[in-house]
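Order of listing sets the numbers, starting from 1, for every ligand and every atom in it. What you see below is based on every heavy atom in this structure, not just the backbone, and it leaves out hydrogens, waters and symmetry mates.
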Amino acid sequence: MLLEGKTGVLLGVANKRSIAFACAKAASAQGAKLILTCQNERLEEATHKLAEALPGEAQVVICDVSKDESLDAATEVIAGLAPQLDFCVHSVAFANREELEGRFSQTSRSGWHTALDVSAYSLTAVAKRFAPLMTEGGSLVTMSYLGAVRVMPNYNVMGPAKAALEASVRYLANDYGPQGVRVNAVSSGPIRTLAASGISGFSQILDIAKERSPLRRNTTPEEVGDATLFLLSDLSRGVTGTTLWVDSGYHTMGL
Ligand code: IMJ
């Protein structure tokens, strides 16, 4: 029971296939008390159903990471639900659909703003509110992708967004380290989730990852959940400010 007696918040549980839900399952199975967030009231019931599917206790709180007022309200509710917070999984990203095709060089100012705001700034927005609740130390984990450091077809503005996210992990780790709050990212291999739906060429990307990665298989949500569990637990107490690759080793190959 690696997370016995601990309470954590998970942002980005959209459905059963979500990486955040795999993290929730892994954490819940290790005794954690969970708080799942959803963007608005419209998604509340579906999120409750997901919470009920977990082995342990899980509550639902509305939190739209693109709105300071929503983040403030959610923080207040969370502070009331738990005497203290121990961990948070940030598994949120969004870019306008039209930015995820064609040439990166054609990115619009508003497309850049939306992608960087929702996918990168939101980590800092969450950290500044939740870290003060982590009075006995804590662990914050976010999700990244190879597109942060290499060019991936159609990933476009999400590349700079994930690069900013990974840089933010380092700066947040430095800010919150003295109070025992660790901040890390998991860089997952491609997985067919809602965030990959309708992305042109995604099947080919999965095939290539499987063919060329050292482990010769695709990444599963369970693998990401278990690596995240490690980063959330005290097993990783000496680890902060880093990106952990969970991609069958794909990133290490030259060709
Ligand atoms: C997303 C776009 C292009 C290529 C992609 C992805 N590859 C992978 C993803 C190769 C693995 C999924 N990924 C890592 C993401 O970060 C996805 C972010 C995303 C997805 C959507 C789809 C629906 C939408 N906006 C989005 N914004 C961000 O409207």
### Task
Taking only heavy atoms of Asn154 into account, list the atoms of ligand 1 that are under 4.0 Å away from them.
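In order of number, 3 (C).
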
### Message
Please list, in number order, the atoms of ligand 1 under 4.0 Å from a heavy atom of Pro190.
### Response
11 (C)

Is it the case that [X] and [Y] place a side-chain donor and acceptor less than 3.5 Å from each other?
X      : Y      : answer
Arg192 : Ser203 : yes
His113 : Asp117 : no
Glu166 : Ser144 : yes

### Task
Could you give me the CA-CA distance, side-chain angles and deciding distance for Ser108 and Glu99, then say whether side chain to side chain donor-acceptor pair (under 3.5 Å) is met?
CA-CA 8 Å; Ser108 68; Glu99 302 291 354; 2.8 Å; yes

Looking at [atom], what's its closest protein heavy atom, distance included?
atom                    : value
atom 10 (C) of ligand 1 : Tyr145 OH, 3.3 Å
atom 3 (C) of ligand 1  : Ile199 CG2, 3.3 Å
atom 19 (C) of ligand 1 : Ala195 O, 3.9 Å
atom 5 (C) of ligand 1  : Tyr155 CD1, 3.6 Å
atom 21 (C) of ligand 1 : Leu100 CD1, 3.5 Å
atom 7 (N) of ligand 1  : Phe202 CE1, 3.7 Å
atom 23 (C) of ligand 1 : Arg97 NH1, 3.7 Å
atom 28 (C) of ligand 1 : Ala95 N, 3.5 Å

### Query
Heavy-atom distance under 4.5 Å between the side chains of Pro190 and Phe202, does that happen here?
yes

### Query
Using a heavy-atom cut-off of under 4.0 Å, does the side chain or the backbone of Phe94 touch ligand 1, or both, or neither?
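For Phe94, backbone and side-chain atoms both sit under 4.0 Å from ligand 1.
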
### Query
For Met143, does its backbone N or O pair with a side-chain atom of Lys162 as donor and acceptor, under 3.5 Å?
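Judged by distance alone, yes, a pair lies under 3.5 Å.
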
### Task
Look only at the side chain of Arg182 and the backbone of Ser236, and say whether a donor-acceptor pair between them is shorter than 3.5 Å.
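Side chain of Arg182 to backbone of Ser236: a pair is present.
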
### Query
Parallel, tilted or perpendicular: which fits the ring planes of Trp245 and His251, with parallel below 30° and perpendicular above 60°?
parallel

